[in-house]
Colleague: 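Okay, handing you the structure first.
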Amino acid sequence: MAKPRRSVKFPHRSYLATSNEFGGRRDSMSSVGSEEAMIGGATSSPSRSQSELNDGNRSPVKEEPPLSEYEKKKQTFITRTIWTLAMIALFFGSMAAGHLYIIAIVTVVQVMTFKEVIAIANVPSREKKLQFTKSLNWYFLATTMYFLYGESVIYYFKHIVLVDAFLLPFATHHRFISFILYIIGFVFFVMSLKKGHYKFQFTQFAWTHMALYLVVVQAHFIMNNVFEGMIWFFLPVSLVITNDIFAYICGITFGRTQLIKISPKKTVEGFVGAWWMTVLFGMFMTNILMRYQYFICPVKDLGANVWTGLECTPNPVFLKHTYDVPFFLQPVLGSAVSIQPMQFHILAMATFASLVAPFGGFFASGLKRTFKIKDFGDLVPGHGGMTDRMDCQFTMGFFAYMYYQSFIAVHNVASVGSVLDTAINSLSPQEQVEVLERLGRYLVGQNIIRDKVLECMNGALSSPPA
């Protein structure tokens, strides 16, 4: 039998013995392991696994050196470029696919932006104690979207909604239903108030309503622009993008004077230079888009796309008018000039996109500084959150809708939708039948329908319902 090796020492035993001499408890395995680690690596513990021994024999992995500022900027530029091209492709692809796809994109942007704006004011530790805070935020969003989308659908598609037996009650009582839905949320909010959290809850309530106005309501008018014609959606969006690009180019080229303290990189030279370039771009792009009815016609069929096209009587702003030229310009332009009025309107829209819409971005910058954040989110790599991209677009879309309704829209006295609205909501069932009979006689007299059609219709109206 081999003799034991007395020269071998077991440090962990002496350590435990020392610990027990003082009446202490035996240390845990983690403590023993840490003690073994403190003793030289030449002595190994039986508790070590073979894999740990193998790892110790391997050469240490060399850490990669940190990227230089140039490499970081290069990677950021590549990421931003790739995602910019992807968003441009999605944008133009959706426009070609039809108005319904653009509306879907606007809706997604609306919801994601609301989510980001709400998130920056949340306090997670308090949300755990107030479980209905987030639920109320989303409930008010759903209620607001139901009201706004319903208003648009009823206004633009009366000829479809008012003749459908299922949709008719929702259309005629839409505003009352929306009000009741909001009141339910309001009452639930009051009932959820909890002592010690009043200030936080009322702050969240006010913040939610601010986000609903600045994001959801303004985005709703962008959707209305789509219904009025694709040009009223594309032009405002492209004007803001063009202004943003040339503000950056002009700013880094010859910018010297700071424009506003809240956004120190913005310069007066870049601001003014971008204005001129945006006006030139607007006049050029308008001249192209006016030639295609797919862009200038209001949408009546959500299934339309760039391949099916649209047909309509063009708005007068897209038709050439003759204008007298002031005497001091007559040597250059002649006594009169023919031009579409839209070319004058685009000057106003481009000016707003250049001089006023950027303040939506400045507002967002101030908001981020208030909450000490760099971006609203990281949804779009290299670009930050959705709010960082859409801060100016909401203001511009709202202006475009108001400008269109005030100076450009042709408000017809009668349309199919308005006649149906009047007949359904203002006439009794007997009067509605009389209108139908008289309209049938008129159509027969104009040789639009045959006598047999009128006879069949009269027979169906005179027979009692089954």
Colleague: Drop me the distance from M210's CE to L214's CG, to the nearest 0.5 angstrom.
Modeller: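 So the gap between those two atoms works out to 5.5 Å.
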Colleague: Quick check: does any side chain N or O of R369 sit under 3.5 Å from a backbone N or O of I262, one acting as donor and the other as acceptor?
Modeller: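 Pair found, side chain donor or acceptor close to backbone of I262.
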Colleague: Can you tell me how far CZ of F246 sits from CG of D244, rounded to the nearest 0.5 angstrom?
Modeller: 11.5 Å
Colleague: Please check if the distance between the ring centroids of F140 and H209 is under 6.0 Å.
Modeller: yes
Colleague: Hey, do the aromatic rings of Y323 and F344 have their centres closer than 6.0 Å?
Modeller: yes
Colleague: Between the side chains of H345 and Y403, does any donor sit under 3.5 Å from an acceptor?
Modeller: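 There is such a pair (donor and acceptor under 3.5 Å, judged by atom type) between the side chains of H345 and Y403.
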Colleague: Between N225 and A400 (side chain of the first, backbone of the second, donor and acceptor by atom type, cut-off under 3.5 Å), is there such a pair?
Modeller: no
Colleague: I would like to know whether F399 and F221 meet ring-ring contact (aromatic ring centres under 6.0 Å, His included); could you show each step before the answer?
Modeller: CA-CA 9 Å; F399 168 80; F221 291 106; over 10 Å; no
Colleague: Please check if atom NZ in K368 has more than 12 non-hydrogen atoms from other residues, nucleotides or ligands closer than 6.0 Å.
Modeller: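 Yes - once you tally the heavy atoms of other residues, nucleotides and ligands closer than 6.0 Å, there are more than 12.
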Colleague: Apply side chain to side chain donor-acceptor pair (under 3.5 Å) to T286 and Q343, showing your working.
Modeller: CA-CA 7 Å; T286 300; Q343 295 287 9; 5.0 Å; no
Colleague: When you look at I184 and Y139, which way does the side chain to side chain contact (heavy atoms under 4.5 Å, CB included) test go after all the steps?
Modeller: CA-CA 10 Å; I184 291 173; Y139 177 82; 3.6 Å; yes
Colleague: F233 vs F91 aromatic rings, parallel, tilted or perpendicular, using cut-offs 30° and 60°?
Modeller: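 Judged by the thresholds at 30° and 60°, the geometry between F233 and F91 is tilted.
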Colleague: Does the side chain of M342 reach to within under 4.5 Å of the side chain of F318, using non-hydrogen atoms?
Modeller: yes
Colleague: For the CG atom of L333 and the CG atom of D324, what is their distance to the nearest 0.5 Å?
Modeller: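 Going from the CG atom of L333 to the CG atom of D324 covers 12.5 Å.
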Colleague: Assert yes or no for the condition that the ring centre distance of W207 to F371 is strictly below 6.0 Å.
Modeller: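 For W207 and F371, the ring centres are under 6.0 Å apart.
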Colleague: Between F281 and F284, is the gap from one ring center to the other below 6.0 Å?
Modeller: no
Colleague: May I ask you to check whether over 12 heavy atoms, not counting those of Y101, lie within 6.0 Å of atom OH?
Modeller: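 At most 12 heavy atoms, drawn from other residues, nucleotides or ligands, come within 6.0 Å of this atom.
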Colleague: Testing the basics here: between A336 and T322, what is the closest heavy-atom pair and its distance to 0.1 Å?
Modeller: CB-CG2, 3.9 Å
Colleague: Please examine the side chains of F376 and T113, heavy atoms only from C-beta on, and report whether any two atoms are closer than 4.5 Å.
Modeller: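 A side-chain contact is absent here, since even the closest heavy-atom pair is not under 4.5 Å.
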Colleague: Under 3.5 Å, is there a donor on one side chain and an acceptor on the other for Q405 and E228?
Modeller: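 Per modelled atom types, Q405 and E228 side chains form a pair under 3.5 Å.
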Colleague: How about H174 and Y146: are their ring centroids closer than 6.0 Å?
Modeller: yes
Colleague: Can you tell me how far the OG atom of S178 sits from the CG atom of L148, to the nearest 0.5 Å?
Modeller: 8.5 Å
Colleague: Walk me through it: do V317 and I296 pass the test side chain to side chain contact (heavy atoms under 4.5 Å, CB included)?
Modeller: CA-CA 10 Å; V317 297; I296 66 176; over 6 Å; no
Colleague: With a 3.5 Å distance limit and no angle check, can you tell me whether Q110 reaches the backbone of A219 through a side-chain donor-acceptor pair?
Modeller: no
Colleague: How many angstroms lie between atom OH of Y248 and atom NZ of K266, to the nearest 0.5 angstrom?
Modeller: 10.5 Å
Colleague: Using only atom types and a distance under 3.5 Å, with no angle test, would you say the side chain of H220 pairs donor to acceptor with the backbone of V216?
Modeller: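 It does not hold such a pair.
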Colleague: Please list, chain by chain and in numerical order, all residues satisfying disulfide (SG to SG under 2.5 Å) with C250, sequence neighbours excluded.
Modeller: none
Colleague: Are more than 12 heavy atoms from other residues, nucleotides or ligands located less than 6.0 Å from atom CZ of F170?
Modeller: no
Colleague: Check whether any side-chain heavy atom of I102 lies under 4.5 Å from a side-chain heavy atom of S94, and answer yes or no.
Modeller: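 I102 vs S94: side chains touch.
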Colleague: Run the side chain to side chain contact (heavy atoms under 4.5 Å, CB included) check on M230 and Y292 step by step: do they pass?
Modeller: CA-CA 10 Å; M230 193 67 80; Y292 302 97; over 6 Å; no
Colleague: Side chains of Q258 and T267: donor-acceptor distance under 3.5 Å anywhere?
Modeller: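 Per modelled atom types, Q258 and T267 side chains form no pair under 3.5 Å.
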Colleague: If we ignore hydrogens and angles and just use 3.5 Å, is the side chain of Q393 paired with the main-chain N or O of V237 as donor and acceptor?
Modeller: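 Here the side-chain-to-backbone pair exists.
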Colleague: Under the 3.5 angstrom rule, does the side chain of Q201 hit a backbone N or O of K194 as a donor-acceptor pair?
Modeller: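 Present.
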Colleague: Judged by atom type as modelled, is there a donor-acceptor pair below 3.5 Å linking the side chain of H321 to the main-chain atoms of L319?
Modeller: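 Yes.
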Colleague: Is there a side chain to side chain contact (heavy atoms under 4.5 Å, CB included) between I160 and D164 once you walk through the steps?
Modeller: CA-CA 7 Å; I160 298 175; D164 189 282; over 6 Å; no
Colleague: Distance from Q204 atom CD to F189 atom CZ, nearest 0.5 Å?
Modeller: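 Result: 9.5 Å between the selected atoms.
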Colleague: Is the closest side-chain heavy-atom distance between W232 and I408 below 4.5 Å?
Modeller: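 Result yes, sub-4.5 Å side-chain heavy-atom pair found.
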Colleague: Would you find a donor on one side and an acceptor on the other, under 3.5 Å apart, between the side chain of S238 and the backbone of L235?
Modeller: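 Yes.
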Colleague: Is there a donor in the side chain of Y294 and an acceptor in the side chain of T308, or the other way round, less than 3.5 Å apart?
Modeller: no
Colleague: Could you report the tightest heavy-atom contact between S354 and N243, atom names first, then the distance?
Modeller: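 Heavy atoms only, the tightest pair is OG-ND2, 3.1 Å.
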